[in-house]
Amino acid sequence: MSLHQSIDPSIEELLPLAKKEGIATVWDRHQAMQPQCGFGQLGICCRICWKGPCRIDPFGEGPQRGICGADADTIVARNVSRMMAAGAAAHSEHGRHIALALQQVAEGNYPSYRVKDEAKLKGIARTLGLDCEGKEILDIAAEVARRTLEDFQSQDHGKPCNWISATLTEKRLEKLAALHVLPHNIDAVVAQIMARTTVGCDADATNVILGGVKGALADYAGMVLATELSDALFGTPQPVVTSSNLGVLEEDAVNIAVNGHNPLLSEVICDVAAQMGAEAKAAGAKEGINIVGICCTGNEVMLRHGVPLAANYLSQELALLTGAVDAMVADVQCIMPSLAEISACFHTQMITTMDENKISGATHVPFREATATENARQVIELAIEAFRRRNPKRVSIPRVKQTAVAGFSAEALVGALSKLDPEDPLKPLIDSIAGGAIQGIALFAGCNSTQAVQDSNFVTIAKKLARNNVLLLATGCGAGAMAKNGLMTREATESYAGEPLRAVLTAVGEAAGLGGPLPLVLHMGSCVDNSRAVGVAVAIANKLGVDLDSLPLVASAPEAMSEKAVAIGTWSVALGIPTHLGIVPQVTGSRAVTDILTEKTRGLFGGYFMVETNPDLAADRLLGVIQERRRALGI
Ligand code: MSK
């Protein structure tokens with residue numbers, strides 16, 4: 001039965017245990033939800049006013065318009081566009097949080113933080129067109145924060161967000177400007193989508209979707225600024241050897257799982273935990289404190305500190321079922337509300353930390369950046385207290401652990417390439433693409449979903465693309481899937497890469513001092529860090545003098561789930577990248593919207609969505625697109 005739910009081997013041990021204890025997991029609730037609402041799946045249920053809910057008969061026999069007169073095209077377009085707005089709001093709120101923190105650090109108000117990567121901050125300032133010459137680092141930080149926050153405040157509709165103008169190709173900016181989809185202000189664009197999709201407003205499906213695309217590009221702005229400013233504050237990731245899956249939990253340590261997305265608290269928890277080992281040992285934890293990561297907070301600390309990744313999205317409940325997690329510390333996004341209930345079945349302290357993200361049943365420790373160190377200490381003390389209550393007889397840690405080499409920021413990748421050509425680091429990569437040793441680049445992004453067998457699509461597609469010499473990048477829970485399945489190792493490169501790709505990865509890895517090939521899949525970070533892949537693609541495109549839609553570059557979200565994934569997928573398409581979805585999106589109730597997203601966007605942006613639930617066929621389609629792009633480039 002488990003094979004139909006996940007290929008994560010840890011479920012073999014933990015799901016029977018959950019069953020025995022009468023604890024429901026995400027897969028039980030998925031099962032209980034069957035059959036799921038067909039109207040919702042098709043996107044043709046409208047709930048934006050109280051005359052409804054209205055639903056369109058997909059067979060053409062019942063109502064074809066809602067009570068106000070909206071047809072399936074309008075309803076589907078509004079629904080999906082609102083998802084893009086929600087995704088943009090989530091990512092950009094994360095980004096704003098980091099930008100405000102940087103501003104306060106510049107003013108000397110947050111003693112728990114400092115600019116850890118000064119070179120990165122100066123690079124960001126230059127990217128944003130700021131002059132750093134002769135300035136103190138905190139003055140540069142203040143200017144970077146101010147310029148960033150303009151992207152949430154500008155009222156100049158004619159001027160795109162600073163972070164968009166600074167990070168895309170000229171040709172792409174011209175194209176997006178011509179289509180009137182360049183956002184001038186992230187917040188304003190999110191509000192505009194909500195306004196234009198409310199009852200009695202924009203009813204033209206194409207226009208509604210283009211409004212959504214603008215919101216998706218605002219999402220990109222929020223993501224790229226979150227990534228870049230986090231690097232300045234917490235350090236730019238460099239290759240690090242760590243491990244993944246639930247075997248990273250330790251019987252003899254106080255296990256603290258950090259879950260969510262925003263690194264502001266988890267960074268400080270890592271620092272403070274390093275000083276509190278003695279207190280944990282005094283409580284009986286021979287190995288002190290063991291921080292592990294879940295979802296994208298996990299990815300953030302994995303890349304910057306080598307903290308092992310315990311679980312990606314769908315496995316977060318399994319971590320609790322081990323009976324070995326003493327505290328589950330949640331910040332924002334992708335935290336299952338069920339965690340509080342499952343924690344209550346064990347000794348685990350479930351802790352929420354953000355005032356706007358509480359879960360009933362959890363202990364709330366209000367996080368404030370100004371008192372971050374005290375807050376982190378408070379969280380760790382709660383974990384140590386919980387450890388004292390831990391029942392060793394209920395501890396069941398699956399012996400499942402994989403090595404993972406993570407930390408491939410754009411800077412790390414370019415740094416590794418520069419060992420082959422210090423003058424022109426991108427040249428070896430471009431030469432390998434032109435010569436065919438690397439056929440193309442694929443970015444795996446996005447979530448886990450119960451609509452698929454957890455992690456399976458990622459692994460199947462990745463192996464097939466690697467065999468066909470495609471360079472693989474991954475972020476978010478997709479990266480978690482690759483890590484848990486051993487694809488972020490040199491052994492995976494040796495086993496699965498095609499011969500020419502293996503030779504390139506070996507040459508780069510050895511030159512970079514890794515003592516062997518680069519891993520088969522390069523872990524670029526959390527979901528906001530998809531922007532890192534854009535940075536690499538833009539650098540290649542600029543060097544070749546082409547736009548992004550000419551590159552043999554594809555994206556795949558084989559288990560896309562969240563509104564954030566809808567936003568990411570849409571900006572990926574708007575940037576000219578063919579983007580695969582392994583889950584049927586909730587738009588197929590409208591032929592017009594389906595055509596816009598899978599066909600018309602191709603003419604407008606060069607990128608488009610491809611939907612294929614069979615991973616083997618999906619890999620073939622991605623390979624086909626890469627070949628098409630190569631032919632167009634004459635390589
Ligand atoms: S955590 S948005 S399930 S990637 Fe970034 Fe994972 Fe998707 Fe959440």
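In each ligand, atom 1 is the first atom listed, and ligand 1 is the first ligand listed. Bear in mind that the values here come from a model prediction, so they are computed numbers and not experimental data.
- Within the protein, the N, O or S atoms sitting under 2.8 Å from atom 8 (Fe) of ligand 1 are C334 SG.
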Q | Derivation of the side-chain hydrogen bond (donor to acceptor under 3.5 Å, both in side chains) call for N312 and Q454 | A | CA-CA 10 Å; N312 55 355; Q454 183 194 14; 3.0 Å; yes

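- A donor-acceptor contact shorter than 3.5 Å links the side chain of T297 to the backbone of H261.
- Within the 3.5 Å criterion, the main-chain N or O of P558 finds a donor-acceptor partner in the side chain of N457.
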Side-chain atoms of residues 265-273: list all donor-acceptor pairs with protein atoms under 3.5 Å, sequence neighbours left out, distances to 0.1 Å.
| from | atom 1 | to | atom 2 | distance (Å) |
| --- | --- | --- | --- | --- |
| S266 | OG | P263 | O | 3.4 |
| E267 | OE1 | H305 | NE2 | 2.8 |
| E267 | OE2 | H305 | NE2 | 3.1 |

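- Partner S10 forms a side chain to side chain contact (heavy atoms under 4.5 Å, CB included) with one of L246, L321, L15 and no other, that one being L246.
- Contact annotation: the side chain of F367 approaches that of L264 to within less than 4.5 Å [non-hydrogen atoms, C-beta and beyond].
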